[in-house]
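In what follows, a structure is listed as structure tokens, so that the remarks can point back to it.
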Number of protein chains: 2
Amino acid sequence: MHGSDGESGRGGQEGRLPVYRRIAEELRATVTSGQLRDGDQLPGENALMERYGVARATARQALRVLIDEGLAVARRGSGVYVRQFRPLRRHGSRRLARAGWGSGTAIWDADTNGRTYAPDQVTIVEQDPPEAAVRALRLDPGDRVLVRRRRYLVEGRPVQLAISYYPAGLVAGTRIADADTGPGGVYARLAELGHAPAAFTEELRARMPSPEERDGLDLPDGNPVIAVMRTAFGEDGAPVELNEMVLDAASYILQYDFLA
Amino acid sequence: MHGSDGESGRGGQEGRLPVYRRIAEELRATVTSGQLRDGDQLPGENALMERYGVARATARQALRVLIDEGLAVARRGSGVYVRQFRPLRRHGSRRLARAGWGSGTAIWDADTNGRTYAPDQVTIVEQDPPEAAVRALRLDPGDRVLVRRRRYLVEGRPVQLAISYYPAGLVAGTRIADADTGPGGVYARLAELGHAPAAFTEELRARMPSPEERDGLDLPDGNPVIAVMRTAFGEDGAPVELNEMVLDAASYILQYDFLA
DNA sequence: GAGTGGTCTAGACCACGCC
DNA sequence: GCGTGGTCTAGACCACTCA
């Protein structure tokens with residue numbers, strides 16, 4: 001029998017799900033009910049073909065639903081597994097006027113403790129600034145910027161790509177141009193130059209990654225990223241740094257504490 | 001010719017892209033280069049089949065790449081179109097100690113101006129609290145909560161689902177239990193009760209939506225959401241509200257300003 | 001080497017949109 | 001009514017993983 005057999009192909013109709021969606025629902029239920037847990041293997045293409053009497057493409061499509069939802073990951077040559085979610089907690093502003101506010105009230109768990117966080121790739125160049133850096137750093141035409149690119153790992157897994165921009169005139173010849181910025185890092189060096197960051201603005205977006213970001217973060221299908229544009233300002237109100245971060249959304253919970 | 005023809009099926013090999021990825025690359029280029037712009041129609045399945053001499057499934061797969069990346073949307077019976085991105089800007093903490101910090105430095109554009117923002121669905125119930133509300137509001141066993149559910153529209157488009165929880169003992173019998181909370185909204189009513197919010201904690205995650213969230217926000221494939229858990233605290237440090245928001249990631253830029 | 005997911009072909013019927 | 005995307009079948013070869 002080819003094509004629709006009289007029951008299928010009615011995607012739009014009330015109460016009638018396409019076959020692949022029905023299969024996906026049943027698979028989802030085994031995950032959300034706790035029957036299958038983090039890292040457990042789901043039934044594969046062949047198993048679904050046999051169990052439901054469908055073609056390979058239909059079985060694939062059902063698995064794709066879960067993968068695109070971020071509930072499962074496919075491992076070529078091995079199988080499809082329940083996705084794990086064990087995030088880090090990243091704090092923006094965390095200073096509060098009183099104790100009792102903000103502490104001990106975490107809603108989502110995040111076990112940051114004891115996990116190392118370090119860059120495995122650092123490249124530094126001086127170049128003409130991209131548009132975003134011109135705006136954020138309020139550069140004049142002809143100004144150049146120092147660019148620091150890093151990739152950060154936690155337990156061997158890449159979780160963040162970062163690109164920082166500094167006005168070249170401000171930091172040229174300092175350790176900010178070195179791979180190793182010394183004790184206290186970039187902000188300590190900026191402070192020594194009389195430009196200690198005093199205030200920050202962060203702009204956040206979430207979206208699907210570009211192919212380069214997918215590669216750099218080793219992301220599975222259906223894994224969004226969080227793009228953070230962070231501008232640091234000195235005491236005088238002048239911007240001293242633009243930090244453009246791309247976070248694996250599955251690896252992060254972001255927290256901001258602030259007053260009314 | 002069946003199956004691989006000697007060139008295809010080498011997904012893993014260095015420098016060799018599967019056919020559908022090569023097609024996707026070319027399509028992506030027409031978008032990122034500006035050749036095709038917001039809302040323009042992309043070549044459809046039939047066009048790709050003819051142009052590249054591939055099967056329908058392969059043409060579909062190529063389009064799927066762009067759709068999953070959030071670069072395109074499919075409209076059944078019509079075609080595949082370049083996705084639009086016209087976000088709102090949502091401010092968390094925006095108070096800064098000095099002028100010059102944070103203002104006029106926006107990196108990503110967001111035209112919030114003149115767009116109405118209003119709920120089209122409001123439901124209110126009293127019930128036993130879910131786990132997240134127990135933790136955030138520090139409830140005792142047996143405590144009940146008032147739950148306000150809303151969906152917010154901008155220009156007729158749903159952009160946010162929100163569920164707020166209040167300790168039932170705190171707000172029972174007040175206008176917070178009404179669909180119309182009166183001038184100043186919920187926070188004005190809390191202030192009248194002597195529990196004006198004085199501090200906030202926001203925890204953010206980005207992920208793919210659940211089927212319910214997809215329906216409620218009318219999201220296309222490949223569209224992530226931002227989940228915000230916002231806890232409001234009174235002057236005395238006691239939590240007075242948990243607000244659980246789910247934002248269409250394509251409709252929002254989130255901004256936080258804070259001091260070092 | 002057996003089993004897995006990844007890619008691909010060549011067909012088919014359907015619901016939907018738009019003119 | 002025609003073109004669109006959505007679903008589905010029945011096959012095939014491939015690269016990869018793991019015992």
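In this text, all values refer to a predicted model and were calculated from it rather than measured experimentally. Side-chain atoms are counted along with the backbone in the values below, which use heavy atoms only and exclude waters and symmetry mates. We name chains A, B, ... by the order of the sequence lines, and we start the count at 1 in each one.
Judged by distance alone, the side chain of E50(A) and the main-chain N or O of A47(A) form no donor-acceptor pair under 3.5 Å. For the pair T58(A) (side chain) and V54(A) (backbone), a donor-acceptor distance under 3.5 Å is absent.
Two residues are said to be in side-chain contact when any heavy atoms from C-beta on lie closer than 4.5 Å; M245(A) and I226(A) fail this criterion.
Residue R60(B) has its side chain nearest to dT7(D) when only dT7(C), dT7(D), dC8(C) are considered. Listed nucleotides: dC8(C), dC8(D), dT9(D). Nearest to the side chain of P18(A): dC8(D).
In this structure, L17(B) atom CG and dC8(C) atom C1' are separated by 16 Å, rounded to whole Å. Taking atom OH of Y52(B) as the reference point, atom P of dT7(C) lies 18 Å away to the nearest angstrom. Residue I23(A) contributes atom CD1, which lies 12 Å from atom C1' of dT7(D) at whole-angstrom precision. Spacing between atom CZ of R64(B) and atom C1' of dC8(C) amounts to 18 Å, rounded to whole angstrom units. Per the geometry, CG belonging to L48(A) stands 11 Å off P belonging to dT4(C), to the nearest Å. Distance M49(A) CE to dT4(C) C1': 13 Å, rounded to the nearest Å. Rounded to a whole Å, the CG atom of D221(A) is 12 Å from the C1' atom of dG5(C).
Side-chain contact check for Y256(B) and E202(B): at least one donor-acceptor pair (N or O, by modelled atom type) lies under 3.5 Å. A donor and an acceptor atom, one from each side chain of Y152(A) and R150(A), are located under 3.5 Å apart. Judged purely by distance below 3.5 Å, without hydrogens or angles, the side chains of R83(B) and N223(B) pair a donor atom with an acceptor atom.
For the side-chain contact (heavy atoms from CB on, under 4.5 Å) criterion with V246(B), the lone passing option out of Q160(B), R207(B), E212(B) is R207(B).
Residue T58(A) places at least one side-chain N or O under 4.0 Å from the OP1 or OP2 atom of dT9(D).
Nearest-nucleotide mapping onto DNA chain C: of L42(A) and Y20(B), the residue sitting toward the 5' end is L42(A).
Heavy-atom distances under 4.0 Å link DNA chain C to no residue of residues 207-220 of chain A.
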N/O to N/O distances under 3.5 Å, protein versus nucleotides 2-4 of chain D:
{"unit_1": "dG3(D)", "atom_1": "N2", "unit_2": "G77(B)", "atom_2": "O", "d": "2.7"}
{"unit_1": "dT4(D)", "atom_1": "OP2", "unit_2": "N46(B)", "atom_2": "ND2", "d": "2.7"}
{"unit_1": "dT4(D)", "atom_1": "O2", "unit_2": "G77(B)", "atom_2": "N", "d": "3.3"}

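A57(A) comes within 4.0 angstrom of a nucleotide base, judged by non-hydrogen atoms across all strands.
Residues satisfying the side chain to side chain donor-acceptor pair (under 3.5 Å) criterion with Q84(A), sequence neighbours excluded, are R86(A).
Under a cutoff of 6.0 Å and an axis angle of 45°, R75(B) and Y81(B) form a cation-pi pair.
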